[in-house]
Amino acid sequence: MLLLAVAFIVAFVLLLYMVSPLISPKPLKLPGAHVVVTGGSSGIGKCIAIECYKQGAFITLIARDENKLLQTKKEIEKYSVNDKQVVLCISVDVSKDYELVENVLKQAQEKLGPVDLLVNCAGTSVTGKFEDIEVNSFERLMGVNYLGSVYPSRAVIATMKERRMGRIVFVSSQAGQLGLFGYTAYSPTKFALRGLAEALQMEVKPYNIYVTVAYPPDTDTPGFAEESKTKPLETKLISETSSVCQAEQVARVIVKDAIQGNFNSSVGSDGYMLSILTSGMSPVTSITEGLQQVVCMGIFRIIGLFYLGSFDSIVRRCMMQREKSESADKTE
Ligand SMILES: NC(=O)C1=CN([C@@H]2O[C@H](COP(=O)(O)OP(=O)(O)OC[C@H]3O[C@@H](n4cnc5c(N)ncnc54)[C@H](OP(=O)(O)O)[C@@H]3O)[C@@H](O)[C@H]2O)C=CC1
Ligand SMILES: CCCCCCCCCCCCCCCC(=O)[C@@H](N)CO
């Protein structure tokens with residue numbers, strides 16, 4: 001009986017592997033490809049642009065600050081692998097006016113050809129207690145992080161469908177996989193990207209277009225330094241659970257996953273566990289990935305419950321500390 005069950009499982013797994021070429025996309029060829037990176041003038045976006053440029057791609061950088069763009073262009077050009085390569089800069093706010101975003105992307109495509117890979121990396125964060133975050137910050141973050149990814153994607157998708165090829169990356173965050181103290185304005189914008197990516201992937205898969213959602217951990221960038229200035233103590237302590245990554249490393253992983261057309265892109269062991277744990281109804285891009293999810297999800301939930309317990313106790317300790325020092329202040 002046991003033997004029969006084992007034989008059945010083995011046969012099932014073999015069958016899965018036989019059909020695996022049907023669900024695994026063909027890798028994207030970066031040499032000569034046109035890669036657009038929003039938020040490409042700083043941090044993770046800049047490193048993604050450098051990584052693609054090193055592999056022979058033509059780059060369009062999109063961000064608001066022109067000086068930062070030009071400086072980054074110079075920095076990237078140091079890594080050229082042939083003399084035809086171009087780095088184009090476009091100064092535009094990705095979150096304000098759809099028509100404008102569509103226009104500048106049209107111009108970029110006239111110069112460097114149709115977009116092969118779009119990386120939506122422009123984003124920003126605000127941390128604080130729910131009641132301390134300015135009301136307009138909720139709207140602003142949704143604008144930049146969510147709509148700022150919708151607009152460029154919406155602007156390139158028709159051409160990608162016509163060409164029956166293309167890749168779109170959404171840079172979410174580990175805070176787009178679980179909600180943490182201090183991230184009431186930021187997390188929802190990153191969760192939203194996951195919903196967008198799942199729905200879009202189902203629409204465009206028959207057109208050979210693949211969508212990737214990246215969930216980076218805390219990463220050493222100018223944006224992270226800015227965020228750290230006003231981060232609540234609770235958020236700091238909780239985040240220290242996992243260490244801060246280098247932007248180059250995060251970028252390498254994202255570019256590799258985008259090339260392979262993986263739906264999910266995560267960094268490190270926490271990232272791996274979180275992605276398995278939150279895989280839900282997201283598409284799989286390899287049999288191995290599906291099997292890992294089936295086998296590991298329960299165990300990772302148990303580990304996750306311990307993490308949640310420790311986060312709750314951090315929050316409680318901070319609250320008690322605060323109340324103690326407040327009452328001490330009053331009695332003085
Ligand atoms: N660093 C981290 O710890 C993590 C970051 N992330 C995500 O990764 C992405 C990049 O983060 P990071 O590298 O730290 O960020 P940085 O702040 O270092 O860079 C942000 C980039 O986005 C551009 N940008 C911001 N707002 C707009 C806008 N409205 N229109 C166009 N461009 C804009 C900025 O240029 P300019 O200001 O000139 O427009 C800049 O190029 C973000 O989406 C972030 O949420 C995810 C997980 C962890
Ligand atoms: C089995 C499950 C294990 C779970 C481990 C969870 C560890 C959580 C650490 C979360 C760190 C928050 C990252 C946010 C980064 C970000 O987006 C901002 N820095 C942007 O600037």
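Remember, predicted model here, so these are calculated numbers, not experimental data. Order of listing sets the numbers, starting from 1, for every ligand and every atom in it. Nothing fancy with the numbering, it's 1 onward along the sequence.
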Answer yes or no: is there an ion pair linking E203 with K161, defined by an N-O contact shorter than 4.0 Å?
no

Ligand 1 and S173, any nitrogen or oxygen pair closer than 3.5 angstrom?
no

Against heavy atoms of G43, which atoms of ligand 1 measure under 4.0 Å?
13 (O), 18 (O)

Taking only heavy atoms of S41 into account, list the atoms of ligand 1 that are under 4.0 Å away from them.
35 (O), 40 (C), 41 (O)

With atoms numbered from 1 as shown, which atoms in ligand 1 lie under 4.0 angstrom from a non-hydrogen atom of D93?
28 (C), 29 (N), 30 (N)

Show your reasoning for whether side chain to side chain donor-acceptor pair (under 3.5 Å) applies to Q71 and E75.
CA-CA 6 Å; Q71 218 176 321; E75 201 177 319; over 6 Å; no

Could you list the atoms of ligand 1 found under 4.0 angstrom from a heavy atom of Y186?
6 (N), 7 (C), 44 (C), 45 (O), 46 (C)

Proximal ligand 1 atoms for I44, defined as those under 4.0 Å from one of its heavy atoms
5 (C), 8 (O), 13 (O)

Could you check whether N264 and S275, counting side-chain N and O atoms only, form a donor-acceptor pair closer than 3.5 Å?
yes

A63 N/O to ligand 1 N/O under 3.5 Å:
no

Ignoring angles and geometry beyond distance, decide whether N145 reaches within less than 3.5 Å of ligand 1 through its nitrogen or oxygen atoms.
no

Closest by any non-hydrogen atom to atom 20 (C) of ligand 1: pick that one out of G45, A122, G123.
G123

Using a plain distance cutoff, I'd like to know if Q174 has any nitrogen or oxygen under 3.5 Å from a nitrogen or oxygen of ligand 1.
no

Atom CZ of R322: over 12 foreign heavy atoms under 6.0 Å
yes

Let me know which protein residues bring a heavy atom to under 4.0 Å of ligand 2; chain then number is fine for ordering.
S125, S173, Q174, A175, L180, Y183, Y186, D218, F224, E227, S242, M273, L274, F300, G304, Y307

Ignoring hydrogens, just give me the one of G39, A175, A247, G148 whose non-hydrogen atom is nearest atom 23 (C) of ligand 1.
G39

Backbone, side chain, both or neither: what part of S172 comes under 4.0 angstrom of ligand 1, heavy atoms only?
backbone

Looking at ligand 1, does any of its N/O atoms fall within less than 3.5 Å of an N/O of G223?
yes

Would you call K73-E77 a salt bridge at under 4.0 Å N-O?
yes

Side chain to side chain contact (heavy atoms under 4.5 Å, CB included) between L277 and R301, intermediate numbers included:
CA-CA 7 Å; L277 191 50; R301 177 62 177 160; 3.9 Å; yes

Are the charged groups of D116 and R163 less than 4.0 angstrom apart, N to O?
yes

With atoms numbered from 1 as shown, which atoms in ligand 1 lie under 4.0 angstrom from a non-hydrogen atom of V171?
7 (C), 8 (O)

Under 4.0 Å from any heavy atom of P217, which atoms of ligand 1 are there?
3 (O), 47 (C), 48 (C)

Judged on heavy-atom distance to atom 31 (C) of ligand 1, which of L193, V92, V250 sits nearest?
V92

Using a 4.0 Å cut-off to any heavy atom of C121, which atoms of ligand 1 qualify?
9 (C), 10 (C), 42 (C), 43 (O)

Pairing of K236 and E240 as salt bridge, 4.0 angstrom limit:
no

